[in-house]
Amino acid sequence: MLKVEKNQNMKNYTQVYVKNSIEAVRMYCEAFGAEATLEMKNTAGDEYEHCELSVNGEPFLAVSEAAEPCDIETVHRNRWQTMTFNVFEMGSEEVVRKAFRVLSGGGVVIDPIHALPWSSCCATVIDKYGVCWWISI
């Protein structure tokens, strides 16, 4: 068995690849109160090669332009949840409701805003780019 040394600096940073990455960054900034803290666009300036979003100074999400389109209609129709980004401890029901409103525009609601034993306000949405979000107070 291979022994792996512990790396105390290891991090896991999520990234999505979507078509219309510039529009997606604007939507994610609005939904989560994020800001673009590092932007690298292609030479035409119409796509992100890499964009990092932060919330309250903390890394939140990276976004890049997808090389190939995703069949969003099929994702929405089949309500595919191949990976879900869990955004929790959002602070208030109002913040969750705003994110829900923004993310569900053009997307598909999997679970509308509701309560669970571990969250008084949560929802699951696949946004218009095919990215699945579970958002919670």
Side-chain angles (χ1 to χ4, degrees):
M1 176 188 261
L2 177 66
K3 183 175 179 179
V4 179
E5 291 184 37
K6 289 184 181 180
N7 181 343
Q8 299 302 322
N9 297 316
M10 186 180 294
K11 297 188 184 336
N12 182 12
Y13 191 64
T14 57
Q15 180 162 341
V16 296
Y17 292 84
V18 298
K19 292 308 259 179
N20 302 311
S21 56
I22 290 177
E23 178 185 277
V25 164
R26 283 193 296 267
M27 185 178 85
Y28 297 144
C29 285
E30 181 182 352
F32 300 111
E35 65 177 322
T37 50
L38 176 65
E39 299 176 283
M40 292 181 260
K41 294 181 180 175
N42 64 1
T43 53
D46 60 355
E47 297 175 347
Y48 280 116
E49 291 182 357
H50 184 77
C51 182
E52 295 179 6
L53 305 181
S54 296
V55 174
N56 298 323
E58 294 294 320
F60 179 72
L61 178 70
V63 180
S64 294
E65 189 73 20
E68 298 295 329
C70 175
D71 185 349
I72 303 301
E73 281 186 33
T74 300
V75 171
H76 287 170
R77 184 177 55 253
N78 294 317
R79 301 164 63 94
W80 284 343
Q81 296 171 263
T82 58
M83 176 183 280
T84 299
F85 292 95
N86 295 330
V87 182
F88 51 95
E89 296 181 13
M90 293 180 73
S92 71
E93 187 175 314
E94 178 182 321
V95 173
V96 172
R97 288 187 182 282
K98 178 184 179 188
F100 178 79
R101 179 180 44 77
V102 172
L103 295 170
S104 62
V108 171
V109 174
I110 302 297
D111 293 310
I113 293 178
H114 62 290
L116 293 169
W118 57 88
S119 175
S120 61
C121 179
C122 63
T124 305
V125 175
I126 300 175
D127 70 26
K128 68 182 186 177
Y129 305 103
V131 178
C132 187
W133 300 92
W134 180 76
I135 53 177
S136 174
I137 198 164

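Reckoned from all heavy atoms, side chains included, excluding hydrogens, waters and symmetry mates.
Without hydrogens or angle criteria, Lys19 side chain to Cys70 main chain gives no donor-acceptor distance under 3.5 Å. Under the 3.5 Å distance criterion, the side-chain polar atoms of His76 are left unmatched by any main-chain donor or acceptor of Gly130. A donor-acceptor pair under 3.5 Å is formed between the side chain of Arg79 and the backbone N or O of Val109. Counting only distance, with no hydrogens or angles, the side chain of Ser104 and the backbone of Gly107 share no donor-acceptor pair below 3.5 Å. With hydrogens and angles disregarded, a donor-acceptor distance shorter than 3.5 Å links the side chain of Ser21 to the backbone of Tyr48.
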Steps toward side chain to side chain contact (heavy atoms under 4.5 Å, CB included) verdict (Asp46, Lys41)
CA-CA 7 Å; Asp46 60 355; Lys41 294 181 180 175; over 6 Å; no
For the pair Phe85 and Val16, evaluate side chain to side chain contact (heavy atoms under 4.5 Å, CB included) and give the outcome as yes or no after the intermediate values.
CA-CA 10 Å; Phe85 292 95; Val16 296; 3.5 Å; yes
Show the numbers, then the answer: is there a side chain to side chain donor-acceptor pair (under 3.5 Å) between Gln15 and Ser64?
CA-CA 7 Å; Gln15 180 162 341; Ser64 294; 2.6 Å; yes
Yes or no on side chain to side chain contact (heavy atoms under 4.5 Å, CB included) for His50 and Val63, after CA distance, side-chain angles and deciding distance?
CA-CA 6 Å; His50 184 77; Val63 180; over 6 Å; no
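The shortest distance between side-chain heavy atoms of Trp133 and Val131 falls below 4.5 Å. When side chains are defined from C-beta on, Glu93 does not count as touching Lys98, because their heavy atoms never get closer than 4.5 Å. Contact annotation: the side chain of Glu35 approaches that of Thr37 to within less than 4.5 Å [non-hydrogen atoms, C-beta and beyond]. Residues Asn20 and Tyr129 are in side-chain contact: their nearest non-hydrogen atoms beyond the backbone lie under 4.5 Å apart. At least one side-chain heavy atom of Phe60 sits less than 4.5 Å from a side-chain heavy atom of Val87. For the pair Lys128/Ile72, no side-chain contact is recorded, criterion being any heavy-atom separation below 4.5 Å from C-beta on. With contacts defined as side-chain heavy-atom distances shorter than 4.5 Å, the pair Glu49/Glu39 does not qualify. Counting heavy atoms from C-beta outward, Val125 and Val108 have side chains that stay 4.5 Å or more apart.
Linking ILVMFWY side-chain heavy atoms closer than 4.5 Å, directly or via other members, places Trp80 and Val18 in two distinct hydrophobic clusters. Hydrophobic clustering, with ILVMFWY side chains joined whenever heavy atoms are under 4.5 angstrom apart, keeps Val96 apart from Ile126.
Between the side chains of Asp127 and Tyr28, a donor-acceptor pair is found at a separation under 3.5 Å. Between the side chains of Glu65 and Tyr17, no donor N or O sits under 3.5 Å from an acceptor N or O.
Counted within 6.0 Å of CE on Met83, heavy atoms from surrounding residues, nucleotides or ligands total 12 or fewer; the atom is thus considered open. The neighbour count for Phe88 CZ, taken as heavy atoms of other residues, nucleotides or ligands under 6.0 Å away, does not exceed 12.
The structure places CH2 of Trp134 at 10.5 Å from OG1 of Thr84, a figure rounded to the nearest 0.5 Å. From Cys51, atom SG reaches atom CD1 of Ile22 across 9.0 Å, with rounding to the nearest 0.5 Å. Of the inter-residue distances, the one linking Cys121 atom SG with Arg97 atom CZ reads 5.0 Å to the nearest 0.5 angstrom. For the atom pair CD of Glu58 and CG of Leu53, the computed distance is 14.0 Å after rounding to the nearest 0.5 Å. Here Gln81 contributes atom CD and Ile110 contributes atom CD1; the two are 4.5 Å apart, rounded to the nearest 0.5 Å. Atom CD1 of Ile135 is separated from atom OG1 of Thr124 by 8.0 Å, given to the nearest 0.5 angstrom.
The nearest pair of heavy atoms linking Ser119 to Cys122 is OG-CB, 3.6 Å. Closest of all the heavy-atom pairs between Ala99 and Met90 is CB-CE, 3.7 Å.
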